[in-house]
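What follows is a single structure, written as structure tokens, with notes after it.
Start at 1 and go down the list; that is how both ligands and their atoms are numbered. Atom set for the values below is all heavy atoms of this structure, side chains included, hydrogens, waters and symmetry mates excluded.
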Amino acid sequence: MEEQLKKIENEAQQEIAQAESRERLEQLKVKYLGRKSMVTRLFTKIPVLEREEKAKIGKALNLLKQRINFFLEERAKNFEKKEERIDLTFPPEKINRGIKHILACVDENICEIFKNLGFMIVEGREIEDEWHNFTALNIPLEHPSRDVFDTFYLDLPVSDYGGENKGGGKYLLRSHTSPSQIRVMEKRKPPLAVISPGRVYRPDKVDASHSFMFYQIEGFCVDKNINFSHLKGVLFSFAKSFFSEDVKLRFRPHFFPFTEPSAEVDISCMICKGRGCSVCSQSGWVEVLGCGMIHPEVLEACGIDFDRYQGFAFGMGVDRMAMLKYRINDIRLFYENDLRFLEQFYEV
Ligand code: DAH
């Protein structure tokens, strides 16, 4: 008899351990403890046993019943836990998927504003030749920006990259996005309104405001009867969207070889609202971009009739825009990839 009880217990334990649902547990409860179960049947035999046997077997059967119940309850707990886990109303754990880099956000933001003003986005090349980076932009051979201290020249054989190389000059990492103007105007004819974002490279010593690689956005527009007030209107509209409605612009005469007339543009300092602070060197103004009317030599280099067409152009640093808008005082923060810095811009 004892052996029989042990066998039932083992079987029950095994089957219960393998049960995969509450329904299955119910079935096993009926099988092992129900009215027609072996255990119940054995209970009915107790009255006909010897006195001593009665007590012994009765105790053993009760114990077996308790143990089977215990197995059932323990297994049932498993299903309780599983059901809790798939509670669909339970708020999910936050998954950290990372975010876009702040510079990418600012870059996209600026492009979007110009897109809404009717500009088309065209990406230029990071590896350029001297003709596109300098010559076609009316930058003379003796200009200091052509110096090896201001431009990264590449040791590439002329035939190796991009096919044609007008002027047969050296290849280089573009030092500004202005060659995008040339690339576009060579291929397409006016009317044109183009914005061209991208990386630029200069062998500058890295400090709080310089990096050997940074981001620029070039913009230009060529059509009949384009004049300086169109340039002012576009830039003013951009500055209002990007900074704030109450921003003021100041155009200061300047010189760039590729524009005539040329200007540097300042915005009223967003930090002190023009009252004077360390960011604007107490002047109330911060320089943000260069611009001007495209030089006739540049239009001519691209085969555009400068008697019929005029254009304006501008170029700005994305890093600088981001620094001004978000009050970041060191350009190196953008490139160090310290999550404590980057994660501040979740909402941008
Ligand atoms: N290429 C200039 C630079 O890197 C920026 C610039 C100034 C671009 C005036 C322009 C412009 O298109 O008209 O400093």
When you compare the side chain of Asp129 with that of Asn133, does any pair of heavy atoms fall below 4.5 Å?
no

Give the atoms of ligand 1, by number and element, whose distance to some non-hydrogen atom of Ser178 is under 4.0 Å.
1 (N), 8 (C)

Once you restrict to heavy atoms under 4.0 Å, what part of Phe220 touches ligand 1? Side chain, backbone, both or neither.
neither

Lys31 and Glu15 ion-paired at < 4.0 Å
yes

Please name all residues satisfying side chain to side chain contact (heavy atoms under 4.5 Å, CB included) with Phe255, sequence neighbours left out, ordered by chain then number.
Pro257

Return yes if some donor-acceptor pair links the side-chain N/O of Lys240 with the main-chain N/O of Val247 below 3.5 Å, else return no.
no

Atom 12 (O) of ligand 1 has as its nearest protein heavy atom Glu218 OE2, 2.6 Å

In the protein, what heavy atom is nearest to atom 2 (C) of ligand 1, and what distance, to one decimal place, separates them?
Phe258 CZ, 3.9 Å

Would you check, one step at a time, whether the test ring-ring contact (aromatic ring centres under 6.0 Å, His included) holds for Phe114 with Phe314?
CA-CA 12 Å; Phe114 283 106; Phe314 55 87; 5.1 Å; yes

Show which atoms of ligand 1 fall inside a sub-4.0 Å distance from at least one heavy-atom site of Thr259.
13 (O)

With atoms numbered from 1 as shown, which atoms in ligand 1 lie under 4.0 angstrom from a non-hydrogen atom of Ala313?
12 (O), 13 (O)

Which ligand 1 atoms does Gly315 reach within 4.0 Å, using its non-hydrogen atoms?
6 (C), 8 (C), 10 (C), 12 (O)

Indicate, as side chain, backbone, both or neither, the part of Arg202 found under 4.0 angstrom from ligand 1 when only non-hydrogen atoms are considered.
side chain

Between Glu218 and Ser196, a side-chain donor and acceptor under 3.5 Å:
no

If only side-chain N and O atoms count, and only distance matters, is there a donor-acceptor pair under 3.5 Å linking Tyr326 with Gln344?
no

In terms of atom number and element, which parts of ligand 1 are under 4.0 angstrom from non-hydrogen atoms of Gly292?
13 (O)

Per-atom contacts, ligand 1 versus Gln216 - under 4.0 Å to a heavy atom
3 (C), 4 (O)

Those atoms of ligand 1 less than 4.0 Å from some heavy atom in Gly290:
7 (C), 9 (C), 11 (C)

Please determine whether a side-chain nitrogen of the Lys or Arg among Asp204 and Arg202 lies less than 4.0 Å from a carboxylate oxygen of the Asp or Glu.
no

Per-residue contact class, Gln181 against ligand 1 - non-hydrogen pairs under 4.0 Å:
side chain

